[in-house]
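Since the structure comes first, as structure tokens, the remarks are kept for the end.
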Amino acid sequence: MKFETLGLNKAILEAIAATGYTEPTDVQARAIPEILAGSDVLVSSQTGSGKTAAFMLPALQMLAEPHPVSGNGPRVLVLTPTRELAMQVTKAAETYGRRNRRVRVVSIVGGMPYPLQNKLLRQGVDILVATPGRLLDQMQSGRVDLSRLQVLVFDEADRMLDMGFKDDIDAVVARVPASRQTLLFSATLDDAIVRMAATMMKDPVRIDVSGHKTRHVNIEQRLHFVDDLNHKQRMLDHLLRDVDVQQAIVFTSTKRAADELAMDLIGQGHTAAALHGDMKQGARNRTLENLKRGRLRVLVATDVAARGIDVQGISHVINFDLPRQAEDYVHRIGRTGRAGRSGIAISLANVREAFQVKLIERFTTQEIPVITIPGLEPKQRGCDKSPFDRKGKPGSRGGKPAARKPGVWKNDATASRPSRPPRDGVHPARSADGRHAPRDTDRRGQGAHGGADRSASGPSTSSKRSFVSDNQSTGWKKASHFAGK
Ligand code: AMP
């Protein structure tokens, strides 16, 4: 199929040609004609599928027509869960809109200085890209006028719900014109998303681009069993010394672990840096820039911070700590294999975590082959076959897998106890010694202005997505101190 068949105008086709795209991706081919026809669309598609262009190209086309009412307020609003994704969408809007008549794109995210945001908003905006908390903050201060809004886009809507943005989203939606067109993109269209869509969309056309089964065909997945932290660290060092690793993202489950592991890797001679939500926005931007420019080979990141990173040089994703939710696994590995390239996703797990791996495999319906590396073989029993093949209890006291919701697990040590109700919507993570480990809460907007962006630690409206995990790096770290590190 050609872009020319989708009904896009000449300026946009020229901009697409200039980016080097030769044909639309699946999501673009299916969503663009519907959006141009004025329908609301509810789309399940992965990051990496070309979803940004799927909503941005028709939005830019709409901007080519003058608005009947003059004013400074945006005509297109894109809500994203994270600052990184907001910046990526902003950049995409600028790239795809470069042949359009002047299109003003502004992003409003937590952590950004207010005076600069205020100035940008005063100058007028066509496309506003925002995280919900900071946008609401600016709306309440009367600096954003949404009365001219024509297109409202939710990008990675599932993640916004996971991060507790539902109330903020409702507050924003209550203040945009009912006549708007609504476009909702989400990796999964689960009950929470469909319920949300029912309240804010008009007869949406549902487009399922890729189920879990067909995703990530260009990403080779591997599982290495490890005995303990020391083994895990040696394994990571070995993996990163592979010359095939162009650039890698290594995931940890906590911010502290990200910092500590990045320091360890630097000590071992790797070009590494951490990325997490406790870092100042400037430092995060510099780290991402270094990654994009290839000056950084290894990024040690938490889930929220790495969300939406689109760097084509990422050849490997390594789960140093397993993700808390199976859905996060899919988001993590989607950082590699970008734009049609191939990638390798490696998970490191001990035998007690086999149950978590099994839940991931069920979620993706893909087996993750167990690989052993000569000289780094695990000594523990039961590390020789894939959790996919295991019947019954893969991880000792794992309980009955069938009773659990897909994508939600409890680690073996806590599975037999009822999980404590979250105090503030978040289950405290525990380290292996029973102490509470700091979660990767990635609280945002906590600067001098008290920005309102929230994140995984914010009030979760989908507590079914939270769970307790013992797979905490601090627990492992403690073991490493015992090991005399
Ligand atoms: P997204 O899913 O929007 O994050 O896009 C993922 C990557 O695919 C980005 O690097 C885009 O530049 C790239 N991309 C988007 N559309 C196309 C296309 N039609 N052909 C090739 N690459 C594309």
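In each ligand, atom 1 is the first atom listed, and ligand 1 is the first ligand listed. The analysis underlying the following values was restricted to heavy atoms, covering all of them including side chains, and did not include hydrogens, waters or symmetry mates. Index from 1, following the sequence.
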* In ligand 1, which numbered atoms sit nearer than 4.0 Å to a non-hydrogen atom of Thr25? -> 17 (C), 18 (C), 19 (N)
* Give the intermediate values and the outcome of ring pair (Phe, Tyr, Trp, His ring centres under 6.0 Å) for residues Phe185 and Phe55. => CA-CA 9 Å; Phe185 288 74; Phe55 61 76; 5.3 Å; yes
* So which bit of Glu23 gets within less than 4.0 Å of ligand 1, heavy atoms only: side chain, backbone, both or neither? -> backbone
* Quick one: do the Asp259 and His276 side chains pair a donor with an acceptor below 3.5 Å? -> yes
* Between Tyr96 and ligand 1, does any nitrogen or oxygen pair lie at a separation below 3.5 Å? -> no
* **Geometric N/O contact Asp310 with ligand 1, under 3.5 angstrom** => yes
* To do: Just jot down the ligand 1 atoms closer than 4.0 angstrom to any heavy atom of Thr52, in number order.
  => 1 (P), 3 (O), 4 (O)
* Just one of Thr80, Asp137, Leu136 clears the side chain to side chain contact (heavy atoms under 4.5 Å, CB included) bar with Thr131, so which one? -> Thr80
* Which one of Asn290, Thr287, Val250 satisfies the side chain to side chain contact (heavy atoms under 4.5 Å, CB included) criterion with Leu299? -> Thr287
* Verify the distance criterion only: is there a donor paired with an acceptor across the side chains of Asn285 and Gln281 at less than 3.5 Å? => yes
* Does Pro24, backbone or side chain, put an N or O under 3.5 Å from an N or O of ligand 1? -> no
* Structure fact -> For Gln312, the atoms of ligand 1 under 4.0 Å from one of its heavy atoms are 10 (O)
* Give the single entry among Tyr21, Phe185, Phe55 that approaches atom 15 (C) of ligand 1 most closely by any heavy atom. => Tyr21
* To do: For atom NZ of Lys292, decide whether the heavy atoms of other residues, nucleotides or ligands shown that lie under 6.0 angstrom number more than 12.
  => yes
